[in-house]
Structures are given as structure tokens and as C-alpha cells.
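The structure appears right after this line, and notes come after that.
Excluded from the calculations below are hydrogen atoms, water molecules and symmetry mates; all remaining heavy atoms, backbone and side chain alike, are included. Note on naming: letters A, B, ... go to the chains in the order of the sequence lines (proteins, then strands), and numbering restarts at 1 for each one.
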Amino acid sequence: MPELPEVETVARGVHDRVRGQRILDVWLGSHREPFNTPPARLAKGLEGRTILAVRRIGKHIVADLADGKTATPAAQWIVHLGMTGRLLVTTPDAPVVAHTHARAALSSGRELRFVDPRRFGRLELRQFPKDQPFAAPGAEPLTIQADAFAALFRGRKLAIKAALLNQSLLAGVGNIYADESLFHAALRPRRLAGRLTRTELERLRIALQDVLQRAIARGGSSVSDYVDANGVRGFFQLEHRVYQRTGAPCLVCATPIHRIVVAGRSTHYCPTCQH
DNA sequence: CATTTCACCTGGTGGC
DNA sequence: TGCCACCAGGTGAAAT
């Protein structure tokens, strides 16, 4: 998936194209996987409502929905893209590609579509006041301050790579940006989170925020088929230093990049630059 | 509770 | 060309 920078790019793109639009009609596919909310209830909660705003929270895309012309959200539509999910704004006559699970006709005459081959993505409706507004369990990586960042890892006996991937600590970091930020912070992925010094943790926080910001500026990373709401690919993969560069020379010291498995995920690092 | 492993899906790639 | 193993941006449940 789409990690934080890709989700941010999608959320911004969708926001620009659907803000203020009314959802006229919703079609949902038959696979059960993508629906955290039963399809009938999801469709009923979307139809007739107006999209006030679309934004990213962690790796989730949150659309605030209002009744009529009010400016107060009556509900939220939560979209998680999983590994292969895409949100597209198209014309109604655009070919419906395989694995399209949801189509929402908008008052602008366009359609908002959710496509997800692997079906790890999820769609959910939060209906106020019955449900709580969506909130990520973990901290926001882009704005977390030094003290709070250091406190996340204190006393933890797991690899820093695993800790970075834990969404209840930091919301939005995934496999690409965990590896890239550890490279820029010169830290090995298997270092135990609780054993990192305050200086190392601060180096990591700055590296993480820098990598995420630069990735957002490039529209995210397109590793295989990721595209934004306009069908445009991101370009941050051109700036990857270690991710999916196994055996290739480190761009700093020319040592071949190593690949190991940490927390069940492919993990890439430079054995010379990272300690 | 904290941490680790694995299942959940489809599709692409590379070896034989 | 076919078949098979392995890999992929994530995460929640089960096991330890």
C-alpha cells in the first residue's frame, strides 16, 4: 500500500476532485472482503450525502459526509487501501477495470471508484452520533516531537524496524519508509528499539520526517502499480537508497545492499553505512 | 501485556 | 509454453 506519502497523495487528489460533490448512487461488488461495514448499510450511508472534505489519517483516507447543505459531518467514509487499493475519479463511461469493488456516482457527473485486486483494503462507514469519529491509534509521524517520539520506543524489546511498522505507535509508516528512514539515520533495522540512544532516536525522527516529506513532494513511490486519483504514478522510488536494491551498490559507499527478513517483511540496509 | 508468526488475496517474475 | 516457488506498499488473529 500505499504508505503515508502515497495515501496523502491519493487523499489530496480525491479531495480536489470530489469536495462539495453529492453522492447520487452507489454500486458495491459482491466480494465480502473489502467491507468492514455491511454493503447495504454502507451504500445507504453514502447515498444522498455531500462530501465536505477528504483527508489522510495514518494510512486511512477519511471523507467527511454531510446531510443536505449543512457543514457539520453526519458521517465519515473510511477507506484503507491495503496493499493494492486505488481510489480513482473517472468519467462514468471509463472502462470498469477488473477488481472494481465500489462505484459512487457524483453530482459532478463523474464517478469515484475503489479498485483493489488483492482485497486487503477496507471500506467502512461511521455514522454519527452512534459511532466515534475516526482516529488513528498511533502518533502522526510528520509532526511528532522529540520527547514523544523517544517515549514510543522506551523499554521495547523488539527490532526498531518492527517498531516503526507498528501502527499503534506511529500511524502511517510502512515497509518502504521504515527501510529508507533507517538508512538515512544510519541505524541497522535489527537494533532493539529500547536500546537506541536519545541521539539515535532523534536522528531517526528527523530522517523519517525528511523522507516522508520528500516522498509526498514526489507524489509517493510507485513500486509496481500504485497510481494517484488521476492515474498518475509517484516518483519517489527514484530516490530509494535501500528499498528493493538488494545486491546493488550502496549509493554512498558502494557496498552491496543486504536483504534480511525482520517482522516477516523484506528489510534492506547497507552493512557499511548503518550500525 | 508484548512480541512473533501466519493467513488473508491476486498477479507478476524468474527458474526449470 | 507450462508449472511452480517466491515475492509484493498491510494488518489482524492466533500462537508464544
- Task: Please go through A:Phe183's hydrophobic cluster and name the other residues, only I, L, V, M, F, W, Y counting, with side-chain heavy atoms under 4.5 Å joining them.
- Result: A:Val242, A:Val252, A:Ile257

- Task: Please figure out whether A:Gln167 or A:Arg118 has its closest DNA chain C nucleotide nearer the 5' end.
- Result: A:Arg118

- Query: Between A:Gly58 and A:Val7, what is the shortest heavy-atom contact and its length?
  - Reply: O-CG1, 4.5 Å

- Find the distance A:Leu164:CG to C:dG10:P and express it as a whole number of Å. 12 Å

- Item | A:Leu165 vs A:Arg259, nearer the 5' end of DNA chain C by closest nucleotide | A:Arg259

- Answer yes or no: is there a donor N or O on one side and an acceptor on the other, between the side chain of A:Arg122 and the main chain of A:Glu33, under 3.5 Å? yes

- Quick one: closest heavy-atom pair of A:Pro73 and A:Phe128, and the distance? O-CD1, 3.5 Å

- Note on the structure: Rounded to whole Å, CD1 of A:Ile176 lies from P of C:dG9 at a distance of 7 Å

- Provide the distance between the two P atoms, one in B:dA7 and one in C:dA5, to the nearest whole Å. 15 Å

- Message: What is the distance, to the nearest angstrom, from the CD atom on A:Glu3 to the C1' atom on C:dG10?
- Response: 9 Å

- Query: For A:Leu81 and C:dG10, what is the distance between atoms CG and C1' respectively, to the nearest whole Å?
  - Reply: 11 Å

- Query: Of A:Glu3, A:Glu140, A:Glu6, which is the lone residue that meets salt bridge (charged side-chain N to carboxylate O under 4.0 Å, His left out) with A:Arg56?
  - Reply: A:Glu140

- Message: For A:Ser107 and A:Gln21, which I'm curious about, is there any donor-acceptor pair between the side chains at under 3.5 Å?
- Response: yes

- Check whether any side-chain nitrogen or oxygen of A:Tyr243 sits under 4.0 Å from OP1 or OP2 of C:dA8, and answer yes or no. no

- What orientation do A:His80 and A:His60 show, parallel under 30°, tilted 30 to 60°, or perpendicular over 60°? perpendicular

- Query: Cut-off 3.5 Å, side chains only: do A:Asp116 and A:His101 have a donor facing an acceptor?
  - Reply: no

- Pairwise P distance for C:dA14 and B:dC9, with rounding to whole Å: 15 Å

- Task: Grab the CE-C1' distance between A:Met83 and C:dC6 for me, whole Å please.
- Result: 13 Å

- Query: For A:Gly174, which contact category applies under a 4.0 Å heavy-atom criterion: base, sugar-phosphate, or nothing?
  - Reply: sugar-phosphate

- Task: Compare every heavy atom of A:Thr84 with every heavy atom of A:Arg118, then report the nearest pair and how far apart it is.
- Result: N-OG1, 3.1 Å

- To the nearest Å, give me how far apart CD (A:Glu6) and C1' (C:dG10) are. 13 Å

- Task: Whole angstrom is fine here: how far is it from CZ in A:Phe120 over to C1' in C:dG12?
- Result: 12 Å

- Message: I'd like the 5' and 3' limits of the part of DNA chain B contacted by chain A, with heavy-atom contacts below 4.0 Å.
- Response: B:dT3 to B:dG11

- Item | Intra- and interstrand pairs of DNA chain B - dot-bracket, Watson-Crick/G-U under 3.5 Å, | marks other strand | .|||||||.|||||||

- Any A:Lys59 side-chain N or O less than 4.0 Å from OP1/OP2 of C:dG10: yes

- Separation of C:dG12 atom C1' from A:Arg119 atom CZ, nearest Å, is 18 Å

- Counting any heavy atom closer than 4.0 Å, what does A:Arg156 reach on the DNA or RNA strands: base, sugar-phosphate only, or nothing? sugar-phosphate

- Message: I want to check one thing: is the phosphate of C:dG9, taken as OP1 and OP2, less than 4.0 Å away from some side-chain N or O of A:Arg265?
- Response: yes

- Item | CZ (A:Arg41) with more than 12 external heavy atoms under 6.0 Å | yes

